[in-house]
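We count ligands from 1, going down the list as the structure has it; atoms in each ligand are counted the same way. Quick note: residue numbers are just sequence positions, from 1. Quantities reported herein were computed from a predicted structural model and do not represent experimental measurements.
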Amino acid sequence: MELLSVVVPCYNEQEAIPYFYKEIVKVREEFRTTWPEIDFEYLFVDDGSTDQTLKQIQELRSRDKSIRYVSFSRNFGKEAGLFAGLEHARGDYIVTMDADLQDPPVLLPEMFRAIKEEGYDSAATRRVTRKGEPPIRSFFARVFYKLINKMSNTEIVDGARDYRIMTRTMVDSILSMKEYNRFTKGIYGWIGFKTKWIEFENVERVAGETKWSFCKLFKYAIEGIIAFSTAPLSIATWFGIVMAIIAFIMILFIIGKKLLIGDPTSGWSSLVCIILLVSGIQMFCMGIIGQYLSKTYLESKRRPIYIAAKTSETAEGKEV
Ligand code: UDP
Ligand code: MG
């Protein structure tokens, strides 16, 4: 028998979990006929939910022993949830998907076929539309993907979801990247492996609400850029060079003016403007350096990526 682990990060998903479970069990039935040698385990990662999410997972586990869970001591974010899920999964194949059914479980057989029969290491999904999303959010998302792909050598696919099936080898290589500031979309691109892309139309959340505010997404975007590109750092250098060239031309201009007309100085207001502009640019560049420094600082503390308060095994007093 081979094992397929379904990893599901959940943060306050009490409304969505019952729907999710119903759908995934249907897919499991489908697998039973096509690939009877494949067993399933469901690994829910409760990311410090404040609602009944954990209770619900435990309730499901009392009926279905193929359900396991890891429960965090507080909210650590989806990236930490994914990492914990991959770490605890025991499968030969591992799929990560959202609890809100925005990653349609019906695609799973097609994804699985890609790695089982077509020789891929991974099958990933990408949504080709963003219908149902606020237009402003879609706009900024597009800008972000354009920008990061210009700045980074690692390919980051527009519209890629974290809905992806992988072989054990690929998961182990993801786990070998222990960085604290995790940007999974970049990590997938960085490690490589043969990936089949499967496209689908955006599906709206089945229940509950999105956990990502615009502000949170913006911060996430900045984090992604910093984690996978050092291009902003060279912006500072370029600003410096351009400014120096401009200053040099102006010096020549003023000397020339003095020699021809004899009036080297005129107007303090232009001077003030220049000082403000240059110091503004300096502050901006220092800010960029500060961003990298702060990430380096956090990285150097080597804190764990998440803290598990409980897992299905420890809660029941079993060996992990
Ligand atoms: N999620 C999580 N921790 C968080 C935020 C979200 O584990 O801090 C989970 C959430 O429960 C869901 C998935 O990540 O399963 C995607 O979140 P959401 O649907 O809110 O994001 P969206 O689809 O709107 O981008
Ligand atoms: Mg969602």
Salt bridge present between Lys196 and Glu118 (N-O < 4.0 angstrom): yes
Heteroatom test (N, O or S) for Asp100 near the Mg ion (ligand 2), limit 2.8 Å: yes
Atom 14 (O) of ligand 1 - nearest protein heavy atom and its distance: Lys78 CD, 3.2 Å
Top protein contact for atom 15 (O) of ligand 1, by heavy-atom distance: Pro9 O, 2.8 Å
Salt-bridge criterion met for Asp103 and Arg161 (N-O under 4.0 Å): yes
Option nearest atom 11 (O) of ligand 1 (shortest heavy-atom distance, choices Arg137, Arg205, Glu79, Glu13): Glu13
Positive for side-chain hydrogen bond (donor to acceptor under 3.5 Å, both in side chains) with Lys78, one of Thr96, Asp162, Asp47: Asp162
Under 4.0 Å to a heavy atom of Asp98 - the qualifying atoms of ligand 1, by number: 13 (C), 15 (O), 16 (C)
Distance from atom 1 (N) of ligand 1 to nearest protein heavy atom, with residue and atom: Tyr11 CB, 3.8 Å
Closest approach of any protein heavy atom to atom 19 (O) of ligand 1, naming residue and atom: Asp100 OD2, 2.6 Å
Heavy-atom gap Cys10 to ligand 1 smaller than 4.0 Å: yes
Distance from atom 24 (O) of ligand 1 to nearest protein heavy atom, with residue and atom: Thr210 OG1, 2.6 Å
Protein heavy atom at shortest distance from atom 17 (O) of ligand 1: Trp212 NE1, 3.7 Å
Electrostatic pair Glu23:Lys26 at N-O distance under 4.0 angstrom: yes
Glu155 side chain to Gly189 backbone, donor-acceptor under 3.5 Å: no
Heavy-atom closest pair, residues Arg205 and Thr210: NE-N, 3.5 Å
Arg68 side-chain N/O to His88 backbone N/O, donor-acceptor pair under 3.5 Å: yes
Mutual orientation of the aromatic rings belonging to Phe228 and Phe183 [parallel < 30°, tilted 30-60°, perpendicular > 60°]: tilted
Minimum-distance protein heavy atom relative to atom 23 (O) of ligand 1: Gln102 OE1, 2.5 Å
SB check Lys219 Glu223 (cutoff 4.0 Å): no
Proximity winner for atom 4 (C) of ligand 1, if only heavy atoms of Asp103, Asp162, Leu101, Asp47 are counted: Asp47
Ligand 1 versus Asn12: contacting region, heavy-atom distance under 4.0 Å: neither
Gln102 near the Mg ion (ligand 2): N/O/S under 2.8 Å: yes
Lys/Arg N to Asp/Glu carboxylate O, Asp92 vs Lys116, below 4.0 Å: no
Closest protein heavy atom (residue, atom, distance) for atom 20 (O) of ligand 1: Lys211 N, 2.6 Å
